[in-house]
Chemist: 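Quick one: the structure is below, questions incoming.
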Amino acid sequence: YPVSSKLVSRLVSLSTANFNTHPFFPQIDCGSRVNGKWEEERYTDGVKWKFLEHKGPVFAPPYEPIPSNVKFYYDGETLHRCAYHVRLSVCQGLSDNTNEMTSEERAKITDLKKCDFTEMSEYFKAQSEARKSMSKEDKQVKNERILQEYGFCIMDNHKERIANFRIEPPGLFRGRGDHPKMGMLKRRIRPEDIIINCSKDSKVPEPPRGTKWKEVRHDNKVTWLVSWTENIQGSIKYIMLNPSSRIKGEKDWQKYETARRLKKCVDHIRAQYRDDWKSKEMRIRQRAVALYFIDKLALRAGNEKEEGETADTVGCCSLRVEHIKLYPENEGQEYVVEFDFLGKDSIRYYNKVPVEKRVFKNLQLFMENKEPDDDLFDRLNTSILNKHLQELMDGLTAKVFRTYNASITLQQQLKELTTGDNIPAKILSYNRANRAVAILCNHQRAPPKTFEKSMQNLQSKIDAKRDQLADAKRELKSAKADAKVRKDEKSKKAVESKKKAVQRVEEQLMKLEVQATDREENKQIALGTSKLNYLDPRISVAWCKKWGIPVEKIYNKTQREKFAWAIDMADDDYEF
DNA sequence: TAATAGACTTAGAATGATATAA
DNA sequence: TTATATCATTCTAAGTCTATTA
C-alpha cells in the first residue's frame, strides 16, 4: 500500500502548487467540485475524507478460565472461587468498592499482603511460555490473516493501514507515576459500546453475530474509524490510521511547515516578550516569562488538570511555587533558577539555568506572599497564552515552540558535529545531535534492565580487541625485523599484509569504542520520541544525501514509511 | 467566561521478532 | 542449536488544543 499510494500520488499532476500542496499530497478530487473550487472546500470546511470503508474493530479474546487446580490462598486458606476478575478485584478492592467481588469476599479479603498468588502467577508464566513456543508459522499466519482482514481501510481511493484495530483488552489500569486510579479494573469493551464511523456509501462493518453497535455515524469531519468511552477517566478512545497514511502524513508535514513559519518571526516574538517583562500589567509579565521558559527550555504548555483524577504533574503554565528555587548566585553564576517538577508521564524535569536579571526579578515578584502549592503564574493559563500566540502568528500555539526548537537544534547540531570520514563516525555524530534534542525535550527512559551487563560485555569485547591489536602489532614488528634481515620480496609482502591486519583491527576497535560511547551517553536518554515527533524528517534526509549516508541507517522500515513524504521531498540542500 | 467534550499528538514501557554470541 | 542481546513493534496513557455547551 505505501508504494501504490505513492505511485498514485505521483501520477496526479498538480498545476497549482501553493503553500498547502505538494505533489506528494495532491488534492484529491472526490466528486463534489463546485465551480471548480474543490481545493478550497477541502481545506477550509474541515472535511477529512469523502469515502471511508473498514471492517470495524477486533475484539479482545474472551477470558480463559483458570483451571481449578490452580489455587489462590488468602491468609493460608484456599479460596475456591478465584476467577480472573477476582484476582483483579483483590488488587483494587482494597481502595475501591465498585469492584466485582461478592460481599463475602470483600469482607474477608482486606489485606493484600495476605494474598498468595504464587500458583496463579506460575500458571500465567507457563501460559506465556507456551504462547512463546507456539510454532512461529502458526502465530504469524494467524496474525497475518487478522491483519489482512481488519488492518486496512479504504479512504478516498487509497488502501491505508490502520494503527490500532484491536480493542484494548480488559485488565488493571496502569497509570504512570503516583496515579490515584492505579489498579482499577478496566472493563471489557463490547460491540454495544462501539461507535462506528464510515461513509454512507460504504459497506458498514458487521457487528459480531447476535450483537449490535452502539451507533453507526457518517462524520467526515473527523479521521477516526471507531470510538468507545473508557471507564477509568470517562474519556473517548479511538481507532485511527497508521502514521504512514496520507491523512497523518499530511498533518505531520503541516506541523513542520508551521514550525518553519515560526522560524521566520521568532526574533520578533522574542523581542516582544522581552519587552513584556517590563509591562505594567502582571498578567502580561507572567505571560512573557512563561513564554520565555517555553521557548528557552522547551517546556510543555501545562494545561490545568482535575485534581484527584490523575497523577500530579505540571507543565509551564501550571508550575507551582514549590517547583522552582531562586538563587541570586549559584556556582559562580548569577540569577539561577532551579526547576524540579514532574512533567508528562511523571518524568522528572530537573534543571538549573541562569536567566536574565529581569526574569529573575519577575519570578521573585510572582512568588511574593504565596504558599508553595500556589500557582506561579496565577494570572495565566494555556488558553490565555495560546490566544496571545495566535495573534502573533497564524496557527501558533505553545507546542510549536517545542517542534521549532527541536528541529532547529538538530539542524544546527548536525552542522556543528558532523565529523569523521566513515559512516559509523558520521552516525555517531547524528546520534549526538539527536541526543542534544532529546536532552532539550527531556525525553528520558529507565536505564535498560540489562544495561550494566551489556556494557560489561561490550567492554570485554573491547579488551579482547585491544589484545588482538597488540598481537597484530607485535607480528608486524617481527615481520619488519625479518624483512630487514632477509630483504626478499616474500618478507616484504608479509610486512604489507601484517600492516593491513593492524589497520583492520584498529578499525574494528574504533567501531567498538564508538559503540560504547554512544551507548553510555544514551543510558537514560530516549531518542525515539524526538525522532518520531519533533524533528523535521527532511533535515535528516538532506543530511543523509549530503554525506552519502543511506537513509536506512537513520530510519528503519516503519520510520521510512511514516516519513515517505519527506524522503520524497527533501534534497541535499533542504533548509528547515 | 468557564467548564466540558472531543479529537488528535506525544510518550515510555512492554512485548515480540530477529540478530548475534556461545 | 540454543541462549542472549538488540532492535522493532505494539500498546495505551497522558498530554495539547479546539469546539461546544452552560
Chemist: A/Lys344: which residues meet the salt bridge (Lys or Arg N to Asp or Glu O under 4.0 Å) condition with it, sequence neighbours left out?
Modeler: none
Chemist: Please identify each residue that fulfils side-chain hydrogen bond (donor to acceptor under 3.5 Å, both in side chains) with A/Asp295, with sequence neighbours left out.
Modeler: A/Arg270, A/Tyr273, A/Asn405
Chemist: Looking across every strand, which nucleic acid part, if any, lies under 4.0 Å from A/Ala446 by heavy atom: base, sugar-phosphate, or nothing?
Modeler: sugar-phosphate
Chemist: What is the separation between atom CG on A/Asp219 and atom C1' on B/dA5, rounded to the nearest whole Å?
Modeler: 14 Å
Chemist: Would you mind listing every salt bridge (Lys or Arg N to Asp or Glu O under 4.0 Å) that reaches into residues 527-536 of chain A, with sequence neighbours excluded?
Modeler: A/Asp536-A/Arg538
Chemist: Give, ordered by number, those residues of residues 396-404 of chain A having at least one heavy-atom distance below 4.0 Å to an atom of DNA chain B; if nothing qualifies, reply none.
Modeler: A/Lys399, A/Arg402
Chemist: Just report the end-to-end axis angle for the helix from B/dT1-C/dA22 to B/dA22-C/dT1, five pairs per end, to 10 degrees.
Modeler: 0°
Chemist: Verify the contact: side-chain N or O of A/His443 to OP1 or OP2 of B/dA11, cut-off strictly under 4.0 Å; return yes or no.
Modeler: yes
Chemist: Establish, with yes or no, whether the OP1 or OP2 oxygen of B/dA7 is under 4.0 angstrom from a side-chain nitrogen or oxygen of A/Lys221.
Modeler: no
Chemist: Identify whether any heavy atom of A/Lys387 sits under 4.0 Å from a base atom; if not, whether one sits that close to sugar-phosphate; answer base, sugar-phosphate or nothing.
Modeler: nothing
Chemist: Take A/Lys248 and A/Arg176, find for each the nucleotide of DNA chain B with the closest heavy atom, and name the residue whose nucleotide sits nearer the 5' end.
Modeler: A/Lys248
Chemist: Taking only side-chain N and O atoms of A/Lys237, does any of them lie within less than 4.0 angstrom of OP1 or OP2 on C/dC11?
Modeler: no
Chemist: Under the 3.5 Å rule, do the base of B/dT10 and the side chain of A/Lys344 count as making a donor-acceptor pair?
Modeler: yes
Chemist: Name the closest nucleotide to the A/Arg161 side chain, picking from C/dC17, C/dT10, C/dA14.
Modeler: C/dT10
Chemist: For A/Gly343, report the nucleic acid contact type (base, sugar-phosphate, nothing); a contact means any heavy atom under 4.0 Å.
Modeler: sugar-phosphate
Chemist: I'd like to check the side-chain hydrogen bond (donor to acceptor under 3.5 Å, both in side chains) partners of A/Arg432; sequence neighbours left out, ordered by chain and number.
Modeler: A/Glu521
Chemist: Once you apply a heavy-atom cut-off of 4.0 Å, does A/Pro169 come out as touching a base, just sugar-phosphate, or nothing?
Modeler: sugar-phosphate
Chemist: Nearest whole angstrom, please: distance from the C1' of B/dT9 to the CD1 of A/Ile236.
Modeler: 16 Å
Chemist: Can you name the side-chain hydrogen bond (donor to acceptor under 3.5 Å, both in side chains) partners of A/Glu53, sequence neighbours left out?
Modeler: none
Chemist: For A/Arg560, enumerate each residue passing the side-chain hydrogen bond (donor to acceptor under 3.5 Å, both in side chains) test, keeping only those at least two apart in sequence or located in another chain.
Modeler: none
Chemist: Please tabulate, for side-chain N and O atoms in residues 296-304 of chain A, each donor-acceptor pair with protein atoms closer than 3.5 Å (sequence neighbours left out).
Modeler:
| from | atom 1 | to | atom 2 | distance (Å) |
| --- | --- | --- | --- | --- |
| A/Asn303 | OD1 | A/Thr382 | OG1 | 2.5 |

Chemist: Just jot down the ring pair (Phe, Tyr, Trp, His ring centres under 6.0 Å) partners of A/Tyr238, sequence neighbours excluded, or say none.
Modeler: A/Trp224
Chemist: So, A/Tyr256 and A/Ser407: side-chain donor and acceptor under 3.5 Å apart, yes or no?
Modeler: no
Chemist: Describe the nucleic acid contact of A/Thr313 in one word from base, sugar-phosphate, nothing, applying a heavy-atom distance below 4.0 Å.
Modeler: sugar-phosphate
Chemist: Could you list by number each residue of residues 295-309 of chain A showing a heavy-atom separation from DNA chain C of less than 4.0 Å, or answer none if no residue does?
Modeler: A/Arg300, A/Ala301, A/Gly302, A/Asn303, A/Lys305
Chemist: Check ring pair (Phe, Tyr, Trp, His ring centres under 6.0 Å) between A/Phe165 and all other residues, then give those that pass, not counting sequence neighbours.
Modeler: none
Chemist: What does A/Thr382 touch in the nucleic acid at a heavy-atom separation under 4.0 angstrom: a base, only the sugar-phosphate, or nothing?
Modeler: nothing
Chemist: Within the pair A/Lys186 and C/dA13, is there a side-chain N or O less than 4.0 Å away from OP1 or OP2?
Modeler: yes
Chemist: With a 4.0 Å cut-off on heavy atoms, is A/Tyr238 in touch with a base, just the backbone sugar-phosphate, or nothing at all?
Modeler: base
Chemist: Taking NZ from A/Lys557 and P from C/dT6, how many angstroms apart are they, rounded to a whole number?
Modeler: 23 Å
